[in-house]
Amino acid sequence: MTADDLRFLEAGAARVVPERGLADKLSLGRPLRVKLGLDPTAPAVTLGWAVVLRKLRQFQDAGHVAVLIVGDFTARVGDPSGRSEARPRLAKEDVDRYAERVLDEFSSILDLDRAEVRRNSEWLEPLGIEDVLRLAGSITVARMLERDDFAARFAAGRPISLMEFCYPLLQGYDSVAVEADVELGGTDQLFNLLVGRDLQRDHGQDPQVALTMPLLVGTDGVQKMSQSLGNYVAVTDPPDEMFGKLVRIPDGSIADYRLLTLDFFRDPDEAERVRQGLASGELDPWQEKRRMAREVVDLYHGPGAGAVAEARFDELHRARAVPRDAPGVLVPATVFEQDPAGGWRLWVPGLLEAMGLVGSRAEARRLLAQGGVRVDGRTESREALPLEGPPPGSFLGSIWQVGRRRAARLAGLRDSG
RNA sequence: GGGCGGGUGCCCGAGUGGCCAAAGGGAGCGGUCUGUAAAAUCGCCGGCGUAGCCUACGGAGGUUCGAAUCCUCCCCCGCCCA
């Protein structure tokens, strides 16, 4: 029973530190407090984020306590990590709003009723400088520089602020404050999770077990999935979009996607079977990719949603059907113009811009010249189109497509102003 | 505090008075092909109603017919020394 529990809870994990730690914690025979920090500055929950949320859900299902930490204090201070650009500091209300939204999206994965949600301002705000310095005393600079991204940036001569050094400390102190038994995170969080162990030890607590999950690669198949890189799938993406994005990942990522979005909490062996099948050529990558996409859509939109999305996908992209249900847009009358003879013309770049299909009219003109614009399924390269009678005339209801993924329907005229 | 080197378009990076809307690469976008994968290949990649004009090389001034390039001040970053 405990052995099964352990295998279940460690399924898919990248690292468990210390290796035997989780088994020891489980043998305590009480519900464990499993900590997960959430980033209240991110507007959407991605499939990458979902990985660690699913893992937390597994702990919940096994009877343990999910402790979610809203990093409201840290978000307000502003974290200049990453690209060395100082992240905007957020006002209290903004953080609260974001956090609420994010938590709302979590509810499709976690059982929030059984979770403990805490804000770290609760214990970080009262800290005095003396406390902070004492915390800082627990870690050496050399130790900090062991962290991958610090080491890399230092070597590359890129700036690292002292405040960034404080982040792991504050995050680690969260573990002390909530007396975490286990902390979850992506592999990029390992260092921070380990700092938590050190601080807990300094505070006379039994150090938490750090359990990291592999990072889900983005839809580009190269970089980690992140919102700032735009290579993500959000758990709230509508079925068609979700299917389309998933089916666009490189073949080499199929098994990883299976494991981290579906299999580790359902049937951990399935991903491995697929990996081997693909490697040996027994399985067809295209079919496997579609199956994965279908299953993920089912997971987030209900059984059967995947099949519907798949059918629509085939219709639109294989049969090249015109997307009749593209969002309707009202356009200003100024995209139509009257020539001296009294005839009307449609000014295409203006229209495409008004419909939000292009970023600028100059872009529209380039795309027209390159054959990237279709009207009701036919490629159009003219910048002005004649029409019979007053606008919008026969263009009412016309479907405009730019490239393969952008489309809109001309729903009518809007009063300019 | 002192010395040195830097800040160029989404990113990296060339450019040291006009030929610079700014080389090259990456990312991105469009076409062909295809499985909205990979590979290949062609093209685009600041804005403006189609013309030249505007905006742009950390910021503000200045020199010049002309400045990403020269000068002054300021801001920012890195390295070394303290």
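Just so it is clear, the values below take in all heavy atoms, side chains as well, and ignore hydrogens, waters and symmetry mates. These figures come from a predicted structure and were not determined experimentally. Protein chains get the first letters and strands the later ones, always in sequence-line order, with residue 1 at the start of each.
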Separation between the P atoms of B:rG7 and B:rG58, rounded to whole Å = 8 Å
inquiry  = Between A:E122 and A:R118 (salt bridge meaning N to carboxylate O under 4.0 Å), is one present in this structure?
reply    = yes
Distance between C1' atoms of B:rG3 and B:rC54 (Å, rounded) = 43 Å
key: Expected output: side-chain A:E380 to main-chain A:V375 donor-acceptor under 3.5 Å   = no
Flag, side chain of A:K289 to backbone of A:P250, donor-acceptor distance under 3.5 Å = no
query = A:F243 and A:A309: which non-hydrogen atoms are nearest, and at how many Å?
reply = CB-CB, 3.8 Å
request  = Give a yes or no on whether A:E146 atom CD has more than 12 heavy-atom contacts from other residues, nucleotides or ligands under 6.0 Å away.
outcome  = yes
key: Pair A:D96 + A:R119, salt bridge at N-O below 4.0 Å   = yes
request  = Determine whether any donor atom in the side chain of A:D251 lies under 3.5 Å from an acceptor atom in the base of B:rG35, or the reverse, and answer yes or no.
outcome  = yes
task = Would you please say whether a donor-acceptor pair under 3.5 Å links the side chains of A:D111 and A:Q60?
result = no
request  = Using a strict cut-off of less than 4.0 Å between a Lys/Arg side-chain nitrogen and an Asp/Glu carboxylate oxygen, indicate whether A:E288 and A:R291 qualify as a salt bridge.
outcome  = yes
task = Please state the P separation for the pair B:rC53 and B:rU36 - nearest whole angstrom.
result = 47 Å
key: Value in whole Å for how far the P atom of B:rG46 lies from CD of A:E363   = 10 Å
key: Nearest-Å distance once atom P is located in both B:rC42 and B:rC33   = 16 Å
ask   = For B:rC48, what is the paired nucleotide under Watson-Crick or G-U wobble rules, both distances under 3.5 Å?
value = B:rG52
remark   = Scanning all shown strands, the Watson-Crick or wobble mate of B:rA14 with both distances under 3.5 Å is none
message = Heavy-atom nearest nucleotide on RNA chain B for A:V402 versus A:W286: which residue maps closer to 5'?
response = A:V402
ask   = Which part of the nucleic acid, if any, lies within contact of A:R248, taking any heavy atom under 4.0 Å across all strands shown: a base, the sugar-phosphate backbone alone, or nothing?
value = base
Look for any protein N or O under 3.5 Å of an N or O in nucleotides 40-42 of chain B and output each such pair with its distance, or none.
none

request  = For A:R320 and B:rU34, give me the distance from atom CZ to atom P, rounded to whole Å.
outcome  = 11 Å
inquiry  = Does this structure show an ion pair linking A:R312 with A:D325, if we count only N-O contacts that are shorter than 4.0 Å?
reply    = yes
inquiry  = Using heavy-atom distances to pick each residue's nearest nucleotide on RNA chain B, tell me which of A:R374 and A:G359 is more 5'.
reply    = A:R374
request  = Between B:rC65 and B:rC57, how far apart are the P atoms? Round to whole Å, please.
outcome  = 23 Å
query = Of all of residues 272-280 of chain A, which get a heavy atom below 4.0 angstrom from RNA chain B, listed by number?
reply = none
query = Counting distance only, does the side-chain N/O of A:N120 pair as donor-acceptor with the main-chain N or O of A:F73 below 3.5 Å?
reply = yes
ask   = When rounded to the nearest Å, what value does the distance between P atoms of B:rA68 and B:rA51 take?
value = 25 Å
ask   = Does A:T379 make a side-chain N or O approach to OP1 or OP2 of B:rG31 shorter than 4.0 Å?
value = no
inquiry  = Quick check for you: among B:rC29, B:rC48, B:rG35, whose closest atom lies nearest to any side-chain atom of A:R406?
reply    = B:rC29
key: Nearest-Å distance for atom pair CD/P, residues A:Q401 and B:rC29   = 17 Å
N/O contacts under 3.5 Å, protein versus nucleotides 50-53 of chain B?
from, atom 1, to, atom 2, distance (Å)
B:rU50, O2, A:R365, NH2, 3.3
B:rU50, O2, A:E383, OE1, 3.0

Protein-nucleotide distance (A:D220, atom CG; B:rA38, atom P), rounded to Å = 10 Å
inquiry  = Using a 4.0 Å heavy-atom cut-off, does A:K289 contact any base of the nucleic acid, only the sugar-phosphate backbone, or nothing at all?
reply    = base
key: Residue A:R404, side-chain atoms from C-beta onward, closest of B:rG35, B:rG47, B:rG31   = B:rG31
request  = Report yes or no: is there a donor-acceptor pair, N or O only, under 3.5 Å between the side chain of A:Q370 and the base of B:rG31?
outcome  = no
B:rC29 versus B:rA39 - spacing of their P atoms, nearest Å = 14 Å
query = Does any N or O in the side chain of A:Q58 come within less than 3.5 Å of the main-chain N or O of A:F8, such that one atom is a donor and the other an acceptor?
reply = yes
query = OP1 or OP2 of B:rC45 less than 4.0 angstrom from a side-chain nitrogen or oxygen of A:R366, does that happen here?
reply = yes
task = Would you kindly give the CZ-to-P distance between A:R318 and B:rA37, to the nearest whole Å?
result = 12 Å
message = In whole Å, I'd like the distance from the CD atom of A:Q227 to the P atom of B:rC10.
response = 21 Å
query = Is the shortest distance from a Lys or Arg side-chain nitrogen in A:E363 or A:R366 to a carboxylate oxygen in the other one below 4.0 Å?
reply = no
inquiry  = Categorize A:P285 for me: base, sugar-phosphate, or nothing, with a 4.0 angstrom heavy-atom threshold over every strand shown.
reply    = base
inquiry  = Surrounding CZ of A:R57 (heavy atoms of other residues, nucleotides or ligands, distance under 6.0 Å), is the total greater than 12?
reply    = yes
query = For A:Q223 and B:rC12, what is the distance between atoms CD and C1' respectively, to the nearest whole Å?
reply = 13 Å
ask   = Given atom CZ of A:F313 and atom C1' of B:rU36, what is their separation to the nearest angstrom?
value = 5 Å
